[in-house]
Amino acid sequence: MTFKGICIVEVSGQSCASCLSLMNELKKVDLPEDVNLIHIEIDEDQKEFINQYQIDRLPTILILKDDVEISRCRGFQPEEILSLWLNSKILEARGKE
């Protein structure tokens, strides 16, 4: 799996209540048009992804720029905190352009 540009990758599990809640919070955040929001639901087919990005807890949010990890957040976060964190990390990723 290859990620181009700035991507917010939300990694969750099928029966994870915190994961479902986090995805709802992510949908409320106003993201710039050039930032891609990607949802990945973990199952046995994603072993390579899990190893590559060292996913050890769900939910996890990865901020990636051209496949390079800028930052990560684990666990549920309320919309206000999530929005502040995402905007800060998007600016950080843009600074690396």
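The structure presented is a predicted model; accordingly, all values stated were derived computationally and were not measured.
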*Got a sec, which residues hit side chain to side chain contact (heavy atoms under 4.5 Å, CB included) with Asp43, two or more places apart in sequence or on another chain?*
Asp45, Gln46
Name each donor-acceptor pair under 3.5 Å that joins a side chain in residues 75-87 to protein atoms two or more places apart or in another chain, with its distance.
from  : atom 1 : to    : atom 2 : distance (Å)
Ser83 : OG     : Asn87 : ND2    : 3.4
Asn87 : ND2    : Ser83 : O      : 3.0

*How would you list all residue pairs meeting salt bridge (charged side-chain N to carboxylate O under 4.0 Å, His left out) that involve residues 13-22, not counting sequence neighbours?*
none
*Quick one: does Leu26's side chain get under 4.5 Å of Ile61's, heavy atoms only?*
yes
*asked:* Using every non-hydrogen atom in the two residues, find where Glu10 and Pro59 come nearest and quote the distance to one decimal.
replied: OE2-CB, 4.3 Å
_Side-chain heavy-atom pair Ile8, Leu62 within 4.5 angstrom cut-off_ = no
_Suppose we screen for disulfide bond (SG atoms under 2.5 Å apart). Which residues come up paired with Cys7, at least two apart in sequence or across chains?_
none
*Reference residue Phe3; test side chain to side chain contact (heavy atoms under 4.5 Å, CB included); the match among Asn36, Leu64, Val68*: Leu64
*So, for Lys89 and Ile70, which heavy atoms are closest and what is the spacing to 0.1 Å?*
O-CG2, 4.2 Å
For residues 14-24, which side-chain donor-acceptor pairs fall under 3.5 Å, sequence neighbours excluded?
from  : atom 1 : to    : atom 2 : distance (Å)
Ser21 : OG     : Ala17 : O      : 3.2
Asn24 : ND2    : Leu20 : O      : 3.4

Name the atoms and distances for all side-chain donor-acceptor pairs under 3.5 Å in residues 49-57, with sequence neighbours left out.
from  : atom 1 : to    : atom 2 : distance (Å)
Asn51 : ND2    : Lys47 : O      : 3.2
Tyr53 : OH     : Asp67 : OD1    : 3.2
Asp56 : OD1    : Arg74 : NE     : 3.2

*At their closest point, which heavy atom of Ile6 faces which heavy atom of Ile90, and how far apart are they?*
CD1-O, 4.2 Å
*asked:* Measuring from atom OG of Ser12 to atom NE2 of His39, what distance do you get when rounded to the nearest 0.5 angstrom?
replied: 3.5 Å
_Side-chain (Asp66) to main-chain (Lys4) donor-acceptor, under 3.5 angstrom_ = no
*asked:* Going by the rule salt bridge (Lys or Arg N to Asp or Glu O under 4.0 Å), which residues pair with Lys28 if we only count those two or more places apart in sequence or in a different chain?
replied: Glu25
*Locate the shortest heavy-atom distance separating Glu41 from Gly13; write the atom from each residue and the value.*
CG-C, 4.1 Å
